[in-house]
Structure formats: structure tokens, C-alpha cells
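Labels below follow one simple rule: chain letters A, B, ... track the order of the sequence lines, proteins then strands, and each chain is numbered from 1. Note that the structure is a prediction, hence the values are computed from the model and not measured.
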Amino acid sequence: MVIRLHNSLTRQLEELRPLRPGTVTMYHCGPTVYSSPHIGNFRSFLFADVLRRFVEDQGLAVTQVMNITDVGHLTLDDIEGGEDKMEAASKKTGKTAWQIAEQYIEEFRLCQQQLRVRLPHHMPRATEFIAQMGVIIDDLLAKDVAYQVNGSVYFAIEKFPAYGKLSGKVIDELEEGARVAVNDEKHDPRDFALWKVDAKHQMQWDAPFRGGSRGFPGWHIECSAMSTHYLGEQLDIHTGGEDNMFPHHECEIAQTEAHTGKRFVSIWMHARHLLVDGKKMSKSLGNFFTVADILGKGYTGLELRYALIRVQYRQSLNFTLAGLDEARAAIARVQQCRRRLVRLRDGLERAGGDSLGEAVTSANEAFTAAMSDDLNVSEALAAVAALVAASNKATPLRDDATAALAAFARFEDVLGCFGDEPAAVDEAPAELRQLLGQRNAAKKQKDWAAADRIRDEIAAAGWKIVDAPTGARLEKA
RNA sequence: GGUCCCGUAGCCAAGUGGUUAGGCAACGGAUUGCAAAUCCGUCUACGGCGGUUCGAUUCCGCCCGGGACCUCCA
């Protein structure tokens, strides 16, 4: 099936047509490692993960690169000779910028794992690509689209007429209300730094280009260097949060296309920011959550993943704790259904004669159609729910139970938000199984008080009793 | 100030010019000793005002409300 994706550049749905047939190259703007990853960050990263999984599901090979920005970025204060964000974090904690980066890279990786992210093939760090950045800077200087002032290098916007094509920003004159950075070094206020010289900066490198001074790279250049290094001069897909569109991606396009002379990216995709309780997430509103905050409240990575992907990436997802509870219930419903199918498949429950083939086929088709339509996860989840309902209603043939399980396995492979296929029977500890036997005996004698007391005891141990027509069994709660 | 997005039943959230998406919650029933799980049923909405149309939640305009970006926040 044709995969159609929204291209921010053209603002239209476009068919995914890889430059090299059969292989899709993706680059994702990754984390800046000066603080703990929050749920907003992971909405973007999970969107990229689901995109990759679905493209693979459709039989295409994917090469995925996600950068890790371990060089701090300039802030407005920096114009006045202040510090960048990593430096600020460094000052606060007494650690070096390098140690800060190391710590947060570690935390980021842990979050990826907890949220079941399929790891990108390459996750390069900006600090390991200084030399490659230098090659591009060198070339841009040679082509006279960049200029040097007091050792710092800036990209000259006027040399790249297409600047603004992605974001639609035409900043001939900076508008009233917009923040304007004053920097005397720039020929044009829109010009952006490729290399900065600032003696106060902790992270410093000898200039990786001819005739430069010791300093550090501008923010945008790292992505051009890392993406083209791994994926070539032209990529199929480039993603990021909506805030990256301008200026970051605009600048990436300018410097990369000025460097290579080719169109840089076929399809630009941007994830909408999430809202928390209907408001923009911010520390001052007290609605700011890191991934660790959510997990600390007792929710699982799986539940958080579900809550963060259930709405299509271009819609503004309203994140709430109630939504997390819904995710928990929705996951349980799917898993409950799969568990029964496993029991039918494995002969632990008597199969019937109901056909499920049609339901499986239509669920698969609806799922594919929804995901092909610019990753409409909400609609894809409806297809999953339809198969759950059809399965629960039926006492299917054994082969059909198997087919339905295969469909659920596929949905899990793409969305990753339901969990692994449940076991038919959880192997409960011997003492719990013994308690279950005691309850069965109590039930036989109609000693309901004793039976319920034992059930509570088992529940306290984290298990629940399922009274099926074939007898009671234990399942992990 | 400029550019752009959205407003769907109690909550979350798809979609469509005319045939109740889905999830969660709630309520009634079946099953059950009681629960849990499951099934059946109920809850039929599209911010407001105009316009186009045989017909608009869907297209257009205005208004109201929420949100995003405008130099480094995914």
C-alpha cells in the first residue's frame, strides 16, 4: 500500500517514494542532553519510532539516525557573552559540561528502553562530528555563502534565496513583537552561526576548518554533518518537533543545500507539541512532567507510550493523568483478549466453530489504511478494537485464533503499545496455587467468607482469580 | 503585529456534503455465591451566527474560545 505522509515543506500529503527503492532513510532531531527527557520530547521520539516501525511493516528497509546534541546551545544571553544551557546546568551542579551530557545521555537511553523505542541504527553525538562540520564550514566559506568575523563564522542568508521555504517565514523586516537578537557581528540579523568563538565557553575545539579560531560549533551545523555522513546528501525523511521548523530546519536546509547543491530532504515531518491538562507544558504552571515523573507515579512505560502515541502526531495531544488510566484499561482489554486466544490456540480452552477470518482480514486492512494515511494512530486503534470485539464475541476455530493472534502481534510490532503476547497460564508461585486450592474447597462448602478472604490474600500478592467455566485459574494482576 | 492550527456526546479522540468510528467512564441486563473478565443493550455529538446547497458537523465568511511558531523549547 502507498504510504502517504504530510510534508511540512509543501503542506500536503505526499506519497513516500524512497530515493533508493526499497530503502528509506530517516533522520530525527534528537535530544539536547542538558536536562531530563520530558513527555513532550518523547511524543516526538515515539512518533519517529512508530513511523519507522510502520515503514518496516510495509516491507521497506529503514536506516534511521538520531543525533544527540551534547554541545550546549547558545541562549539569548549568550549574545551578551553569557552561557549556554549545558554550561548553565554545569554551573548549577558543579559538574563539567561533559559530565552533564554523559548523565543525561544515560537517562535518555533508559527512557528509550522503558518506552520500548526500537533503537535508531545510529545515534551519533555532535561532539564526535566536529571534523565533519568543519568540512562543510570550509566549503561554505569557499563558496562565499559564509563569512568570518572575529573568528566566528556566519551563514549569509542573502546567498540562499530559498531561505524561509519550509517555515514560510519572510523576515525582511523583523516584526514587532518578535524577539530580536542584537549581534553586531552579523551582516544581516537573520544570518546564523556556523562556528562561534567565545573564550568563556567550556567546550572548545580547534577550528576544524582553514583559518579559523578555537571555538565551538553553531547549533544547526551538527545535523547537516551527521545526517549526510550516515545517509548521504539526500534523505527521504527528516523529523523533529514543530518548534524545530524554524529556525533549526530552515538553517539546515540552507547550509546543506548550499553545500551539496542538491535537495536535502524529500519529506519534512513535524510533531505537534503536546498539551498537559489543556495547557502548554511548563514548569511555572506545574504541569511539567519528565518521563521519570510519570513512571514514578506507578505508570508503566507501556502505558505512557500508549498515551503518547494514541493521537496522530500532527494533532495537539492533550496529555492527562486520566488519559494514562484510560491507556491502562485499553491495554488490559487487548491483552485479556489475546490471552484467551492463546488459550484457544494452545488447546487450554475448547475451540468452537466461529470463523474469525473475515474480521482478521478487515482489521489488518483497516489498520494498514489508517497508518498509511499519515500515521492515523487513532483510527488504527479503532481497527485493533474491532478485532478485540469480534474475537471476544466468537468461540473461534483454532486456526482462526492463531490468525487473530498473528494480527495482534503485527499491531504490536507497529505500535508497540500493547505489550508482548500474554502467556496462556501464568505460573503462579506454589503457595498461591495452594491457596487457590483452598479457595476451591471453601467454595465447594459454600464458605463464601473464607473463599473471599483467600481471594483478597491472593490479590494482595499481585494475582487475580479468574473463575472460568472450566475452573478457576490465576493470572498476574 | 505577522504566519498557522484546532474547537465533535461525561472524558479522550477519528471521520464524512446525505448510511450512529473507536476507547474510557456511566447506567440496565445476561453470566456469577459475590466479585473480576466477557457478552447484550442504553447514552446518537459535531463552539456561535450567517451564507452556498435539495441537504452542512463536513464547503465559505464573520465572531467567540483554545493552542503553536516568529533565533536555538520535541
Side-chain angles (χ1 to χ4, degrees), chain A residues 11 28-32 35 37-48 69 72-76 78-79 84-85 167-171 173-181 183 189-193 218-220 239-248 250-251 270-275 278-282 306-307 310-320 322-323 325-330 332-334 336-337 339-340 366 370 373 376-386 388-389 391-393 443 446-449 451-452 455-456 459 464-469 475 477:
Chain A
R11 294 172 198 205
H28 312 289
C29 279
T32 304
S35 61
H38 57 70
I39 56 176
N41 298 131
F42 265 89
R43 178 185 202 195
S44 295
F45 303 145
L46 253 19
F47 142 63
T69 299
H73 290 329
L74 313 177
T75 63
L76 282 176
D78 194 73
I79 308 300
D84 74 11
K85 302 211 165 164
S167 58
K169 303 283 182 206
V170 184
I171 327 176
E173 287 169 35
L174 292 156
E175 300 293 344
E176 186 191 333
R179 284 167 289 168
V180 182
N183 179 339
R190 298 170 302 166
D191 292 350
F192 58 90
W219 174 35
H220 317 297
T239 76
E242 60 175 333
D243 57 302
N244 282 151
M245 212 153 131
F246 184 86
H248 184 50
E250 202 71 76
C251 295
H270 294 94
R272 195 81 197 266
H273 280 186
L274 61 69
L275 267 33
K279 293 261 160 50
K280 182 185 165 109
M281 184 167 72
S282 76
Y306 189 105
R310 63 203 291 242
V311 178
Q312 196 227 17
Y313 72 96
R314 281 197 296 132
Q315 301 296 321
S316 58
L317 161 73
N318 184 21
F319 183 91
T320 60
D325 292 331
E326 285 185 18
R328 173 172 293 177
R333 181 168 159 82
V334 172
Q336 189 71 31
C337 173
R339 183 190 300 274
R340 173 165 169 269
D373 180 21
N376 190 337
V377 175
S378 297
E379 209 172 316
L381 285 171
V384 177
V388 169
S391 300
N392 283 341
K393 209 172 297 189
K443 275 184 74 176
K446 295 195 192 291
D447 183 355
W448 309 127
D452 290 351
R455 184 168 64 196
D456 291 345
K464 71 177 180 192
I465 293 171
V466 179
D467 284 319
E475 283 181 9

Contact class for [X] vs. all strands (heavy atom < 4.0 Å): base, sugar-phosphate, or nothing?
X       : value
R333(A) : sugar-phosphate
A322(A) : nothing
R314(A) : nothing
H38(A)  : base
H248(A) : nothing
E475(A) : nothing
K393(A) : sugar-phosphate
A330(A) : sugar-phosphate
N244(A) : sugar-phosphate
G323(A) : nothing

Atom [atom1] of [X] and atom [atom2] of [N]: how far apart are they, to the nearest Å?
X       : N       : atom1 : atom2 : value
D373(A) : rU16(B) : CG    : C1'   : 13 Å
N318(A) : rC6(B)  : CG    : P     : 16 Å
R339(A) : rU38(B) : CZ    : C1'   : 14 Å
W448(A) : rU32(B) : CH2   : P     : 12 Å
D243(A) : rC69(B) : CG    : C1'   : 9 Å
D325(A) : rC12(B) : CG    : P     : 14 Å
Y313(A) : rA14(B) : OH    : C1'   : 16 Å
R272(A) : rG67(B) : CZ    : C1'   : 6 Å

Closest to side chain of [X], choosing from [options]:
X       : options                   : result
L275(A) : rG67(B), rC69(B), rA14(B) : rG67(B)
K280(A) : rA68(B), rC12(B), rA74(B) : rA68(B)
Q315(A) : rA14(B), rC69(B), rU38(B) : rA14(B)
H220(A) : rA74(B), rA13(B), rC72(B) : rC72(B)
E326(A) : rC72(B), rG23(B), rA74(B) : rG23(B)
N41(A)  : rA68(B), rA74(B), rA36(B) : rA74(B)
D467(A) : rU71(B), rA13(B), rC34(B) : rC34(B)

Applying side chain to side chain contact (heavy atoms under 4.5 Å, CB included) between D243(A) and each of H248(A), H270(A), H273(A), report the one that passes.
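Among H248(A), H270(A), H273(A), the one that satisfies the side chain to side chain contact (heavy atoms under 4.5 Å, CB included) with D243(A) is H273(A).
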Looking at R333(A), K393(A), Q336(A), which hits side chain to side chain contact (heavy atoms under 4.5 Å, CB included) with V388(A)?
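It is R333(A); the other options fail the test.
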Looking only at atom [atom1], what distance separates [N] and [M], rounded to whole Å?
N       : M       : atom1 : answer
rG67(B) : rG50(B) : P     : 28 Å
rA9(B)  : rC27(B) : C1'   : 16 Å
rC59(B) : rG2(B)  : P     : 25 Å
rG61(B) : rA26(B) : C1'   : 40 Å
rC46(B) : rG15(B) : C1'   : 11 Å
rA14(B) : rG7(B)  : C1'   : 15 Å
rC60(B) : rC6(B)  : P     : 11 Å
rA45(B) : rU58(B) : P     : 15 Å

Could you tell me which nucleotide pairs with [N] by Watson-Crick or G-U wobble geometry, both distances under 3.5 Å, or answer none if nothing does?
N       : result
rG61(B) : rC49(B)
rU20(B) : none
rC69(B) : rG2(B)
rU32(B) : none
rA9(B)  : none

What is the ring orientation for H220(A) with F192(A), classed by angle as parallel under 30°, tilted 30 to 60°, or perpendicular over 60°?
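The arrangement is perpendicular - the two ring planes meet at more than 60°.
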Respond yes when some side-chain nitrogen or oxygen of [X] is under 4.0 Å from OP1 or OP2 of [N], and no when none is.
X       : N       : result
K443(A) : rA35(B) : no
N376(A) : rG15(B) : yes
N392(A) : rC39(B) : yes
R328(A) : rG23(B) : no

May I ask you to decide if A370(A)'s main-chain N or O and D373(A)'s side chain share a donor-acceptor pair within less than 3.5 Å?
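Flag not set: sc D373(A) to bb A370(A) has no pair under 3.5 Å.
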Donor-acceptor pair, distance only, cut-off 3.5 Å: does the side chain of E475(A) make one with the backbone of V466(A)?
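No: the side chain of E475(A) does not pair with the backbone of V466(A).
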Judged by each residue's nearest nucleotide on RNA chain B, which is more toward the 5′ side, E379(A) or D452(A)?
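That would be E379(A).
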Atom pair CZ (F319(A)) and CZ (R43(A)), whose distance is rounded to the nearest 0.5 Å
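It is 11.5 Å, given to the nearest 0.5 Å.
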At what distance, to the nearest 0.5 angstrom, does NE2 of H28(A) lie from CG of N244(A)?
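Going from NE2 on H28(A) over to CG on N244(A), the span is 13.0 Å.
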Please confirm whether any donor atom in the side chain of R11(A) sits under 3.5 Å from an acceptor in the base of rC4(B), or the reverse.
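Answer is no: no donor-acceptor pair is held.
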Is there a side-chain contact (heavy atoms from CB on, under 4.5 Å) between R272(A) and V311(A) once you walk through the steps?
CA-CA 10 Å; R272(A) 195 81 197 266; V311(A) 178; over 6 Å; no
Would you indicate whether the side-chain heavy atoms of Q315(A) and Y313(A) approach each other to under 4.5 Å?
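Y313(A) vs Q315(A): side chains apart.
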